[in-house]
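Reckoned from all heavy atoms, side chains included, excluding hydrogens, waters and symmetry mates. Letters A, B, ... mirror the listed sequences (proteins, then strands); counts begin at 1.
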Protein chains: 2
Amino acid sequence: MTWTYEFPRPALTVDCVVFGLDEPELKVLLIRRDLKPFRGKWALPGGFVHVDETLEDAARRELREETGVEQLYLEQLYTYGDVDRDPRERVVTVAYYALVKLSDHRVVAATDARDADWFGVHDLPQLAFDHARILDAAYHRLQNKLRYEPIGFELLPKKFTLRQLQRLYEVILDRTLDKRNFRKKILSTGVLQELDEMETNVAHRAARLYRFNQKHYRDMVKRGIHFEI
Amino acid sequence: MTWTYEFPRPALTVDCVVFGLDEPELKVLLIRRDLKPFRGKWALPGGFVHVDETLEDAARRELREETGVEQLYLEQLYTYGDVDRDPRERVVTVAYYALVKLSDHRVVAATDARDADWFGVHDLPQLAFDHARILDAAYHRLQNKLRYEPIGFELLPKKFTLRQLQRLYEVILDRTLDKRNFRKKILSTGVLQELDEMETNVAHRAARLYRFNQKHYRDMVKRGIHFEI
DNA sequence: TCCACTTAGTGTAGAATAAACACTAACAGG
DNA sequence: CCTGTTAGTGTTTATTCTACACTAAGTGGA
C-alpha cells in the first residue's frame with residue numbers, strides 16, 4: 001500500500017537526547033546505525049512519526065523500541081529542518097531530550113539487538129547527521145533548565161543524599177559549588193523532603209536521605225512561587 | 001503531478017505569532033480564514049512547508065505572502081503535533097514568534113486581498129485550530145525572553161526614549177516598573193547607545209533618544225556576559 | 001509673560017540576597 | 001584507638017534590589 005499527495009512532503013521524525021547520570025559523569029545514550037547513510041556511526045535514538053501518534057508518543061515509542069528505556073522525563077527541545085540535513089531526502093526532525101534514572105536502566109544496551117551505549121557528554125564519538133548539534137543544544141538547555149526548574153531529581157534514585165544532588169549540579173553545570181551555600185539554597189526552596197533514613201554501606205559517616213517533594217512543588221507553581229538555584 | 005510514499009506522512013506547516021507594539025498595547029497579527037475549516041475565524045498566519053525550504057524560510061515566506069511583513073525578528077517557539085489538531089488530516093505545525101517594528105508596518109492589512117488585522121493580546125477573537133494555545137505560549141515565551149535577552153528593541157523604532165522602552169517592558173510584562181530603577185538597570189547593561197538627539201514634537205520637555213548597540217551586545221555575549229533586566 | 005501641565009532626569013538608605021570561608025561530628029576499617 | 005573520609009553547620013562581607021520625591025525643562029494657553 002502506498003500514500004499519495006498533491007505536493008511533496010518532508011519526512012517527519014523524532015530524535016531523543018537521553019541523559020543519564022553515571023557518577024561522576026553525565027552520559028548520553030546513543031545507538032549505532034546499522035543502515036545506509038552514516039552506517040556504523042553513532043546517532044541519537046529516534047525514528048519516523050506515525051500518522052496516528054503524537055510527537056511525544058513517537059519519541060517514547062522509539063526509545064522503548066531502540067533502547068528499552070521507559071520511565072523518563074521527556075521534553076521537546078527544538079525542531080530541525082535544514083533542507084540537506086539528511087542526504088537521502090528532506091527530513092524534518094523534532095528533537096526531544098530526556099532524563100532517566102540510570103539506577104533503573106543500567107543495562108539498557110542489552111535490551112535490543114541494536115547496539116546502544118552510554119557516552120560521557122565530554123567524550124562523544126562522531127555523530128551521524130546533525131546530531132552533534134542537536135546534542136549540544138540539548139546539553140545547553142539542560143544546563144539552563146536545571147537552574148530554574150527542579151528537574152535534576154529525574155536523574156537520581158528516589159532517595160538521595162544532598163551530596164549526590166550537589167554533585168549532580170556540579171557535573172551538569174560544569175563547575176564546583178560551595179557546600180554550605182548549596183545546602184542552604186536547595187533546602188530553602190522547600191522541594192526536598194527530609195527522610196528518616198540514612199545512607200548505608202559507606203565507609204564514613206552516613207548522610208541523611210531526601211526525596212523530591214513533587215506535591216509541594218506543584219503547590220508552589222500554583223501559588224506562582226519560583227524555583228531557582 | 002502527485003507524490004507517493006510507502007507510509008502516510010503528516011502534513012507539515014509553520015504558524016507565526018507576530019507581535020507589534022502599538023502603544024499603549026501589545027498587538028498580534030491575525031488573518032481571517034477564507035477556507036473550509038474554521039472559515040471566517042481568525043487564525044495565525046502560516047502555511048505548508050515546501051520541500052526545498054527551511055522551516056524559517058517557510059515562516060518568512062508565509063508572512064510576506066499573507067501579511068506583507070518582511071523585516072522581523074523570528075524565532076522558533078514549539079512544534080505542535082496533536083493528532084486531531086486539524087479536523088481534516090494530520091497536520092504538524094512548527095510555531096514561530098516574531099517581533100516587528102509597527103512603525104514600519106502600520107498598514108499591513110492593505111498588502112493583500114487577505115483580511116489581516118492587529119488585535120490586542122488581551123482582547124483576542126476566537127481563534128481557529130489550537131492557535132489560542134500557541135499564541136498563549138508565544139506570549140509567555142516573549143515575557144520570559146524579554147527579561148534575559150535584549151529583544152524588546154525589535155518592537156521599537158531605531159531611535160527611542162527611555163520612557164518608550166520602559167513602557168514596552170511594562171506592557172509586555174504586564175506590571176509597572178519603577179522609573180529610576182529601570183533606567184539604572186537598563187543603562188548599566190551597556191546595550192544602549194546615548195544619541196545626541198532629542199525627541200521632537202512633544203508638548204513637554206523633550207527626552208533624549210537612544211539606540212540599541214548591537215555590536216556591543218554581541219561583544220558581551222562573546223565575553224560570556226549576561227544581559228538581564 | 002507668566003501660569004499650568006506634563007514629562008525628563010536624578011540619589012540614597014534600608015532590606016534582601018549572594019559569596020566566601022573552616023571547623024567539629026560521626027562512622028568504618030585496619 | 002588511630003586514620004581516613006564525608007556529614008553537617010554560621011557568620012561576615014559584598015552586592016544587588018527596592019522603595020521612594022523632588023527639581024528641571026519645555027509647551028500651550030490665558
Side-chain angles (χ1 to χ4, degrees), chain A residues 21 23-24 143-144 146-148 150 156-157 159-171 173-211 220 224-229, chain B residues 21 23-24 143-144 146-148 150 156-157 159-171 173-211 220 224-229:
Chain A
L21 186 72
E23 293 180 76
Q143 289 185 318
N144 282 321
L146 191 64
R147 294 192 31 225
Y148 59 91
L156 292 177
K159 303 170 180 182
F160 49 84
T161 67
L162 291 183
R163 175 182 177 78
Q164 281 179 288
L165 188 59
Q166 179 177 344
R167 287 208 48 79
L168 181 152
Y169 274 84
E170 289 180 334
V171 166
L173 300 179
D174 211 13
R175 64 192 165 97
T176 60
L177 301 172
D178 178 83
K179 186 162 104 171
R180 280 175 290 191
N181 291 341
F182 177 78
R183 293 162 93 98
K184 254 182 295 181
K185 233 198 226 165
I186 197 79
L187 288 175
S188 77
T189 64
V191 301
L192 289 190
Q193 175 169 0
E194 183 180 314
L195 299 177
D196 282 334
E197 282 175 78
M198 295 291 177
E199 212 178 4
T200 54
N201 298 324
V202 286
H204 54 78
R205 174 173 176 184
R208 181 171 295 280
L209 292 172
Y210 291 80
R211 67 183 191 79
M220 282 173 56
I225 302 170
H226 238 314
F227 174 89
E228 192 175 340
I229 209 68
Chain B
L21 186 72
E23 292 180 76
Q143 289 185 317
N144 282 320
L146 191 65
R147 295 193 30 225
Y148 59 90
L156 291 178
K159 303 171 181 182
F160 50 83
T161 66
L162 291 184
R163 175 182 178 75
Q164 281 178 290
L165 188 60
Q166 179 177 345
R167 288 206 47 77
L168 181 152
Y169 274 84
E170 290 180 334
V171 166
L173 299 179
D174 211 11
R175 63 189 166 97
T176 60
L177 301 173
D178 178 82
K179 184 162 104 171
R180 281 175 289 189
N181 293 340
F182 177 79
R183 294 161 91 97
K184 255 181 295 180
K185 234 198 227 166
I186 197 81
L187 289 175
S188 76
T189 64
V191 300
L192 288 189
Q193 176 168 1
E194 184 178 313
L195 298 177
D196 282 333
E197 283 174 78
M198 296 290 178
E199 215 178 1
T200 53
N201 299 323
V202 286
H204 54 78
R205 175 173 174 184
R208 181 171 296 279
L209 292 173
Y210 291 80
R211 67 181 190 82
M220 282 173 55
I225 302 168
H226 237 315
F227 175 90
E228 192 176 340
I229 208 72

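With sequence neighbours excluded, the residues satisfying side-chain contact (heavy atoms from CB on, under 4.5 Å) with Gln143(B) are Tyr139(B), His140(B), Ile172(B), Leu173(B), Asp174(B). In this view, Gln164(B) satisfies the side-chain hydrogen bond (donor to acceptor under 3.5 Å, both in side chains) rule with no residue, not counting sequence neighbours. Listed by chain and number, the residues in a side-chain contact (heavy atoms from CB on, under 4.5 Å) with Glu199(B) are Thr161(B), Val202(B), His204(B), Ala206(B), Ala207(B) (sequence neighbours excluded). Partners of Glu170(A) under the side-chain hydrogen bond (donor to acceptor under 3.5 Å, both in side chains) rule, at least two apart in sequence or in another chain, are Gln166(A). Looking at residues two or more places apart in sequence or on another chain, you find no side-chain hydrogen bond (donor to acceptor under 3.5 Å, both in side chains) involving Arg167(A). Among residues two or more places apart in sequence or in another chain, the side-chain hydrogen bond (donor to acceptor under 3.5 Å, both in side chains) test is passed with Gln193(A) by Arg211(A).
The distance from atom CD1 of Ile229(B) to atom CG of Leu165(B), rounded to the nearest 0.5 Å, is 7.5 Å. Taking CZ of Arg147(A) as the reference point, atom CZ of Phe227(A) lies at 11.0 Å (rounded to 0.5 Å).
Residues Leu162(A) and Leu187(A) share a closest heavy-atom pair of CD1-CD1, 4.4 Å.
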Give each protein N/O atom lying under 3.5 Å from an N/O atom of nucleotides 24-30 of chain D, with the pair distance.
| from | atom 1 | to | atom 2 | distance (Å) |
| --- | --- | --- | --- | --- |
| dA24(D) | N3 | Arg205(B) | NH1 | 3.2 |

Atom pairs, N/O to N/O, protein against nucleotides 9-15 of chain D, distance under 3.5 Å?
| from | atom 1 | to | atom 2 | distance (Å) |
| --- | --- | --- | --- | --- |
| dT11(D) | O4 | Lys184(A) | NZ | 3.1 |

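Regarding Lys185(B), its NZ atom lies at a distance of 10 Å from the C1' atom of dT18(D), rounded to whole Å.
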Acceptor/donor pairs from residues 179-186 of chain B side chains to any protein atom, 3.5 angstrom cut, sequence neighbours excluded:
| from | atom 1 | to | atom 2 | distance (Å) |
| --- | --- | --- | --- | --- |
| Asn181(B) | OD1 | Lys184(B) | NZ | 3.3 |
| Asn181(B) | ND2 | Asp178(B) | OD2 | 3.3 |

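The nucleotide range of DNA chain C contacted by chain A, defined by atoms under 4.0 angstrom from heavy atoms of the protein and reported 5' to 3', is dA19(C) to dA28(C).
Judged as a salt bridge (charged side-chain N to carboxylate O under 4.0 Å, His left out), the pairs with a partner in residues 186-198 of chain B (not counting sequence neighbours) are, in order, Lys159(B)-Glu197(B), Glu194(B)-Arg208(B).
Proximity of Tyr210(A) to Val191(A): side-chain heavy atoms (C-beta onward) are nowhere separated by under 4.5 Å.
For DNA chain D, no neighbouring residue in residues 191-198 of chain A is found when judged by any heavy atom under 4.0 Å.
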